[in-house]
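As structure tokens, the structure follows; a few thoughts come after it.
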Amino acid sequence: MARERAGARPLELSGFREDVVAGLSHPQKSLPPKYFYDAAGSRLFARICRLPEYYVTRAELALTRRHLAAIARFAGRGCQLIEYGSGEGIKSRLLIRALRPSVYVPIDISAHALAAAARGLAREFPWLRVVPVAGDFSRPIDIPVRHGKPGVVYFPGSTIGNLTPEEAHAFLSMSRGVATKMIVGVDLKKDPAVLHAAYNDKAGVTAAFNLNLLTRINRELGADFDTRGFRHYAFYNPSAGRIEMHLVALGSHTVRLGRHRFQLAEGETIHTENSYKYSPEQFAGLAAQAGFRGTRVWTDRRGLFAVFGLTA
Ligand code: SAH
Ligand code: AVI
């Protein structure tokens, strides 16, 4: 794969059309979740993080606060902090305060949200060198780290759960080439009723987040999805250990995208996201397979979420 210089072109659009056409051509139609995050999608995700049912952000924040001293000792002060899928950077602030990194490199596919977050951080931490990189972490990215200070990769939010275990393995292996230490947020297996509520909130924000993907495809690729003809559908698949999000066609539906036409039968779904939930042992096993030797794990009091400290 060719290496891209960070920020050289509107990367999130390269391959968007091809990925959508490929995904809608499968017998089980699917769309990659990385395309949720246009400006509207990033705003909707920020609202999800504040929903009463979405325990994920609160649990990770609480546990990061509680174990911050130990996490900081693990990472080491003055490191080069590289964060994948940085979003709003809610938890990053805690780490930045505790680690005083020599540079902070937030990487995100959502260029708009990334720029806004980087501006906020630069205001809040005037001493910090912030080097935002608009990039897709599922492809090679040039990361502007310097020799000298150790690099630490931060991957919070359980974004790793949106990758299949095979993709997560590849991502972890790739990260070993970027830094010798990683701090990874992982959502844990739990009562399916808690999971179900978190992905089916009463206010309908998760539904709007899911449906926004079709609105984005219409706007940016000129497709003609009738978004009112689809309903958000999320459920826990216990044998796969994941929440699946789908969009269900309420009636038969034809979508045009350039010269392509896609037919959906009534009740047919487009699979838009997986959110894998791990047991601590499962995730430690995955990290070991990807070449990480040392593993520290911190959890919140209720055992909802874990932060792993991995050493290559
Ligand atoms: N880390 C934040 C945000 C998590 S949401 C938190 O913990 O709250 C997932 C973030 O990853 C979003 O900001 C999204 O834009 C970004 N993202 C998703 N897929 C990506 C990809 N392939 N490459 C880069 N960023 C990605
Ligand atoms: C970013 N990611 C970890 C979220 C999750 O929980 O899988 C995305 C999300 N999808 C629906 N709600 C939140």
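Indexing begins at 1, ligand by ligand and atom by atom, following the structure's order. These numbers come from the heavy atoms of this one structure, side chains and all, not from hydrogens, waters or symmetry mates. Because the structure is predicted, anything quoted here is derived from the model rather than measured.
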Task: Tyr276, Tyr54, Tyr199: member with heavy atom nearest to atom 4 (C) of ligand 2 - done: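 It is Tyr54 whose heavy atom sits nearest to atom 4 (C) of ligand 2.
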
A cation-pi test, strictly: NZ or CZ of [X] under 6.0 Å from the centre of the six-membered ring of [Y] and no more than 45 degrees from its axis. Yes or no?
X: Arg100; Y: Trp127; answer: yes
X: Arg242; Y: Phe235; answer: no
X: Lys29; Y: Phe262; answer: no

TODO: Using non-hydrogen atoms of the residue, decide whether Gly161 is closer than 4.0 angstrom to ligand 2.
DONE: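 The answer is no, since Gly161 has no heavy atom less than 4.0 Å from ligand 2.
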
Open item on the list: Suppose we measure from atom 9 (C) of ligand 2 to each protein heavy atom; which comes out shortest, and what is that distance?
Closed with: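 Result for atom 9 (C) of ligand 2: Glu273 OE1, 3.6 Å.
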
Task: Residue and atom name of the nearest protein heavy atom (relative to atom 7 (O) of ligand 2), distance in Å to one decimal - done: Ser275 OG, 2.6 Å

Task: Between Asn274 and Asn162, a side-chain donor and acceptor under 3.5 Å - done: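 No.
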
TODO: Please find out if less than 6.0 Å separates the ring center of Phe292 from that of Phe308.
DONE: no

Task: Centroid separation Tyr236 to Tyr199 less than 6.0 Å - done: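 Centroid distance Tyr236-Tyr199: not below 6.0 Å, so no.
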
Short N or O contacts of ligand 1 with protein, under 3.5 Å, listed by atom name?
| from | atom 1 | to | atom 2 | distance (Å) |
| --- | --- | --- | --- | --- |
| ligand 1 | 1 (N) | Gly85 | O | 2.7 |
| ligand 1 | 7 (O) | Lys91 | NZ | 2.6 |
| ligand 1 | 8 (O) | Lys91 | NZ | 3.4 |
| ligand 1 | 13 (O) | Asp108 | OD1 | 3.4 |
| ligand 1 | 13 (O) | Asp108 | OD2 | 2.7 |
| ligand 1 | 15 (O) | Asp108 | OD1 | 2.5 |
| ligand 1 | 22 (N) | Asp136 | OD1 | 2.9 |
| ligand 1 | 23 (N) | Phe137 | N | 2.8 |
| ligand 1 | 25 (N) | Ile109 | N | 3.1 |

Open item on the list: With heavy-atom distances below 4.0 Å as the criterion, list the atoms of ligand 2 near Asn162.
Closed with: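 Selected atoms, number and element: 1 (C), 2 (N), 3 (C), 4 (C), 5 (C), 7 (O).
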
TODO: Could you tell me how the ring of Phe74 sits relative to the ring of Trp298: parallel (under 30°), tilted (30 to 60°) or perpendicular (over 60°)?
DONE: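 If you compare the ring of Phe74 with that of Trp298, the planes turn out perpendicular.
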
Open item on the list: If we ignore hydrogens and angles and just use 3.5 Å, is the side chain of Gln80 paired with the main-chain N or O of Lys149 as donor and acceptor?
Closed with: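 It does hold such a pair.
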
